[in-house]
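Working notes, structure below.
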Amino acid sequence: MKAKASFMLMAIVSLAVVRSVDAQDLGPQFQKVKEGIYVYVGKEFNSNCGVILTQEGVVLIDSGHNPTDSRAILNAIKKLTSMPVRFLIDTEPHPDHTTGHFVFSPPAIVIAHEGASESMRSRERESPDRIQKMMTVSPEMRAALEGYRFIPPHIEYRQKMTLNVRERTFELMYLKGVHSEADTAVWLAKEGVLFSASAVVVNQYNILRPFVTIPDILAAAKMMKGLNPEVVIPGHGIPGTVKIFEDSEQYYALLLDRVGKMVREGKSLDQIKNELKMPEYDGWASKERIPSNIEAAYKAVKGG
Ligand SMILES: [Zn+2]
């Protein structure tokens with residue numbers, strides 16, 4: 001009798017710890033992708049945040065685009081569980097994925113790929129008044145920034161890392177040369193859920209910085225497609241399937257083809273920038289990033 005009573009008590013306690021909540025009760029930006037796995041989908045290509053429940057607490061993937069998002073995410077987590085956020089995995093070090101870390105850490109331990117701290121610190125040096133400026137955006141933003149602290153990663157891994165949190169296993173994989181100095185894909189193999197970072201975006205031109213190469217992006221897309229994920233959650237854009245990779249592969253193939261043709265016609269980079277048309281992608285957002293895409297394609301074609 002005594003054993004049964006304590007078992008029932010344990011059942012009640014565990015019920016109190018993790019609640020079954022429908023995504024719509026968490027707020028309009030939440031999607032439930034699997035049991036215990038939610039995504040806070042950024043509005044208008046703002047960054048996504050993954051919320052993964054475990055029996056040992058919450059694991060977050062990025063911390064929301066702005067601190068206002070981070071606060072909304074924290075409120076939702078409180079509806080889901082009374083357990084803390086144990087780990088926060090950065091898919092990239094850029095401020096639209098990391099400014100809200102202070103909302104969760106401490107107690108969350110922040111994990112990123114090697115180079116993430118230096119990337120974050122150099123941006124802080126470049127714009128020391130960034131947070132002050134952000135506070136002027138709206139009273140809500142000012143309130144959300146209350147208690148702001150700069151939180152670089154506690155742990156920086158190299159190439160690969162496995163994080164076991166009770167019943168879940170997170171495989172962290174470095175994606176070289178795809179977007180930032182430290183991009184990480186997070187793979188939950190048992191669940192078939194992949195967080196694919198900003199290697200490819202959805203219905204949007206990606207920003208291709210000088211150290212980003214199209215062959216690296218295509219290699220990362222191929223590697224991630226090879227994992228055979230059921231659900232793909234990009235760093236920005238609506239979660240989907242491997243079609244997200246296929247759409248990008250098609251786009252880059254067409255871009256490389258057209259730029260290659262123009263290079264063979266003897267055209268200069270500036271001429272190509274002026275003349276190249278990609279009408280198939282008129283519907284894509286962030287057109288100001290097209291020149292950076294053409295530069296990367298030009299380099300790839302020239303073999304540089
Ligand atoms: Zn970024």
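Both counts, for ligands and for their atoms, begin at 1 and track the order of listing. Numbers here are sequence positions counted from 1. What you see is a predicted model, and the numbers here were worked out from it, not measured in a lab.
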Worked check of side chain to side chain donor-acceptor pair (under 3.5 Å) between D90 and H113 | CA-CA 8 Å; D90 290 345; H113 192 266; over 6 Å; no
Output every pair passing side chain to side chain donor-acceptor pair (under 3.5 Å) with a member in residues 185-195, not counting sequence neighbours, ordered by first then second residue.
-> R168-E191
Protein N, O or S atoms less than 2.8 Å from the Zn ion (ligand 1), ignoring waters?
-> E92 OE1, H94 ND1, H179 NE2
Would you please test R86 and E56 for salt bridge (Lys or Arg N to Asp or Glu O under 4.0 Å) and show each step?
-> CA-CA 8 Å; R86 299 283 308 279; E56 247 177 59; 3.4 Å; yes
Please work out which of the three classes, parallel, tilted or perpendicular, describes the rings of H65 and H236, given edges at 30° and 60°.
-> perpendicular
Among K225, K222, K243, find the one that has a salt bridge (Lys or Arg N to Asp or Glu O under 4.0 Å) with E249.
-> K225
Between F87 and F170, is the ring centre distance below 6.0 Å?
-> no
